[in-house]
Amino acid sequence: MSKDNSTLNPILNPESKTHTEGDFSHTEVQLANRNSGIALETLRHDITPIGMHYLLSHFDIPYVEDEKEWSLEIGGLVNNPMTLDMEYLKSLPQITQQVTLECAGNGRALIKPHWPSMPWTYEAVGTAEWKGTRLIDILKQTDVKDDAIQWVFSGADEGVDSGVQHDFSRALSIEMTNNPDIMLAWEINGQPLPPQHGFPLRLVVPGWYGMASVKWLNRIEAIDHDFQGYQQVGTYIYQKDKEDKGTPVTAIRVKSLMVPPGKPDWYTRKRLLEAGETLLHGRAWSGFGTPITKVEVGVNDDWFEAEVFTANEKYAWSRWQFNWQAQAGHHQLKCRATDANGDVQPLEPIWDKSGFGNNCVQLTDVWVEDDLSSV
Ligand SMILES: Nc1nc2c(c(=O)[nH]1)N[C@H]1C(S)=C(S)[C@@H](COP(=O)(O)O)O[C@H]1N2
Ligand SMILES: [Mo]
């Protein structure tokens with residue numbers, strides 16, 4: 001008997017996604033409620049407070065009652081496979097690093113017609129202070145075999161995407177993992193990782209978009225081929241269209257954001273401001289810890305250079321500020337960062353198919369009144 005469509009499991013046989021006209025769907029709102037972004041005013045904090053850092057979890061957050069239950073298996077093409085518990089990991093030399101993490105899909109909500117996925121506008125970014133141990137020190141103990149070319153990092157969460165069942169796994173080349181700044185982290189901002197950030201153990205790959213920093217890490221495996229897991233080859237690829245082989249998403253692209261000035265309108269988030277001197281400020285960051293060399297502020301069609309306060313730590317965002325004489329009327333404010341490689345944020349988005357890596361300048365609409373007390 002041939003199966004008609006009504007008997008096909010829609011999770012394992014989904015319709016392929018296409019760009020969608022019109023408003024965001026219920027499904028996108030549902031995703032947005034699970035995966036919160038930062039409130040832009042928290043860009044004021046050098047370190048984003050716990051609970052205000054953005055979140056992106058594809059599947060369910062694993063329930064781990066006690067970190068004593070946890071173990072990290074390291075195997076595959078190694079001469080010395082290991083099973084490590086949290087107590088052992090915490091006995092290793094510790095490092096603490098401030099790292100700005102950004103989701104590769106940040107900015108995707110601006111693509112038109114939109115791509116059905118997590119609809120971030122600007123807010124999928126945050127800076128945390130991670131404590132843990134260097135990944136490379138542990139990997140060295142495994143005596144990896146000569147034919148291994150990649151390490152695969154897997155989390156305890158599993159689910160389905162585009163009909164493919166998998167656990168969340170990502171690979172890095174053996175060469176990449178020689179970077180001593182990649183860490184296994186168990187603390188954020190001085191506290192144990194909360195469930196949503198990967199309790200009890202996660203990978204932190206500084207300078208890369210967030211997908212590389214595998215949460216709920218419980219397996220590391222050395223392999224002798226290019227990893228074909230869904231999160232490696234089925235997504236996180238810059239592709240013009242479905243036919244394009246594309247290039248993998250890796251480093252964060254140079255970007256800046258502004259703390260929206262004045263007061264918000266509750267529903268639209270548009271800004272109301274009184275005329276006069278106004279401090280415009282925000283943050284700027286780039287990939288692989290590349291320093292920010294310039295931030296410009298745009299007021300309508302004019303550009304001004306802002307003052308940049310370079311971050312104390314390599315992978316943390318830098319603060320910038322600019323004094324603006326706000327005059328009555330409607331204005332569009334922008335900010336645009338340049339990094340030490342000479343990379344500059346584009347004024348218009350450079351879209352790939354699903355809206356990855358959109359680092360185009362943020363637009364902030366403000367309405368300025370001479371005297372707010374009289375309105
Ligand atoms: N195991 C696992 N790790 C994961 C994810 C996930 O869904 N599962 N999401 C990734 C993505 S896409 C991002 S942007 C970051 C977000 O980290 P955060 O939620 O701690 O901010 O985690 C990454 N690590
Ligand atoms: Mo992400």
Side-chain angles (χ1 to χ4, degrees), residues 31-38 42 47-64 70 72 98-109 115 117-132 152-161 164 166-172 182-189 191-220 229-232 234-238 248-253 255 285 287 315 317 354-359:
L31 275 185
N33 284 334
R34 287 186 58 86
N35 296 293
S36 50
I38 57 162
T42 61
I47 300 295
T48 311
I50 297 178
M52 305 203 83
H53 192 282
Y54 89 93
L55 291 173
L56 195 293
S57 303
H58 289 74
F59 307 132
D60 291 352
I61 295 168
Y63 178 67
V64 184
W70 200 257
L72 172 64
Q98 295 178 6
V99 176
T100 297
L101 207 64
E102 182 179 9
C103 181
N106 200 14
R108 166 191 292 137
W115 179 257
S117 184
M118 177 59 210
W120 301 114
T121 306
Y122 297 116
E123 60 289 309
V125 63
T127 300
E129 191 162 69
W130 304 98
K131 180 162 141 184
V152 181
F153 301 85
S154 301
D157 52 333
E158 34 181 26
V160 184
D161 191 344
V164 182
H166 60 281
D167 48 19
F168 189 94
S169 298
R170 291 274 315 175
L172 292 172
I182 301 177
M183 62 195 291
L184 298 181
W186 53 79
E187 261 186 42
I188 177 172
N189 300 1
Q191 294 189 34
L193 295 178
Q196 66 274 23
H197 282 301
F199 180 79
L201 188 69
R202 76 176 299 167
L203 188 64
V204 174
V205 185
W208 283 55
Y209 279 119
M211 73 281 150
S213 294
V214 176
K215 302 193 274 190
W216 312 291
L217 181 73
N218 61 10
R219 267 170 308 130
I220 306 179
Y230 182 84
Q231 299 292 334
Q232 195 82 24
T235 181
Y236 299 113
I237 310 274
Y238 294 114
V249 174
T250 57
I252 295 175
R253 291 176 172 167
K255 193 155 177 179
W285 62 94
Y315 299 103
W317 53 24
S354 56
F356 282 130
N358 173 19
N359 65 336

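These figures come from a predicted structure and were not determined experimentally. First listed ligand is number 1; within each ligand, the first listed atom is number 1.
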Notebook entry, point to check: Does the side chain of S213 reach to within under 4.5 Å of the side chain of R202, using non-hydrogen atoms?
Noted result: yes
Checklist line | pair W216-L201: side-chain heavy atoms closer than 4.5 Å | finding: no
Note to self: Ignoring hydrogens and geometry beyond distance, is a side-chain donor-acceptor pair present between T127 and T48 at under 3.5 Å?
What the structure shows: no
Item checked: Within-4.5 Å side-chain heavy-atom neighbours: Q98 and I47 -> yes
Check: Can you tell me which residue and heavy atom of the protein come closest to atom 24 (N) of ligand 1, and the distance to 0.1 Å?
Finding: S213 O, 3.0 Å
Check: Do any nitrogen or oxygen atoms of L56 come within less than 3.5 Å of a nitrogen or oxygen of ligand 1?
Finding: yes
Checklist line | H58, any N or O under 3.5 Å of ligand 1 N or O | finding: yes
Check: Do the ring planes of W120 and Y54 sit parallel (below 30°), tilted (30 to 60°) or perpendicular (above 60°)?
Finding: perpendicular
Note to self: A side-chain contact here means heavy atoms from C-beta on lying under 4.5 Å apart; do P200 and W186 qualify?
What the structure shows: no
Next item on the list: Considering only non-hydrogen protein atoms, determine which one is nearest to atom 3 (N) of ligand 1 and report residue, atom name and distance to 0.1 Å.
Entry: K215 N, 2.8 Å
Checklist line | Which residue and heavy atom of the protein sit nearest atom 23 (C) of ligand 1, plus the separation | finding: G210 O, 3.2 Å
Notebook entry, point to check: Shortest non-hydrogen contact from A251 to Y209?
Noted result: O-CE1, 3.2 Å
Check: Based purely on interatomic distance, does S57 place a nitrogen or oxygen under 3.5 Å from a nitrogen or oxygen of ligand 1?
Finding: no
Next item on the list: Answer whether the closest heavy-atom distance between the side chains of S169 and Q231 falls below 4.5 Å.
Entry: no
Check: Between H58 and F168, how do the two ring planes meet: parallel, tilted or perpendicular, split at 30° and 60°?
Finding: tilted
Check: Any idea which atoms of ligand 1 are less than 4.0 Å away from a heavy-atom of C103?
Finding: 14 (S)
Next item on the list: Output the list of atoms in ligand 1 that are nearer than 4.0 Å to some heavy atom of D157, sorted by atom number.
Entry: 1 (N), 2 (C), 6 (C), 7 (O), 8 (N)
Next item on the list: Below 4.0 angstrom from a heavy atom of W216, which ligand 1 atoms are there? Numbered from 1 as shown, please.
Entry: 1 (N), 2 (C), 8 (N)
Notebook entry, point to check: For atom 17 (O) of ligand 1, which of R202, Q231, E158, H53 has the closest heavy atom?
Noted result: R202
Note to self: Could you tell me, atom by atom, which parts of ligand 1 come under 4.0 Å of a heavy atom of L55?
What the structure shows: 19 (O), 21 (O)
Next item on the list: Between A156 and ligand 1, find which residue part has any heavy-atom pair under 4.0 Å and reply side chain, backbone, both or neither.
Entry: neither
Next item on the list: First locate atom CG of N359, then atom OH of Y122, and finally report the distance between them rounded to the nearest 0.5 Å.
Entry: 12.0 Å
Check: Considering F168, F59, W120, Y54, which one's heavy-atom position lies nearest to atom 5 (C) of ligand 1?
Finding: F168
Note to self: Considering M211, M118, E102, R170 one by one, which has a heavy atom nearer to atom 11 (C) of ligand 1 than any of the others?
What the structure shows: M211
Notebook entry, point to check: If you measure every N/O of Y236 against every N/O of ligand 1, is any gap under 3.5 Å?
Noted result: no
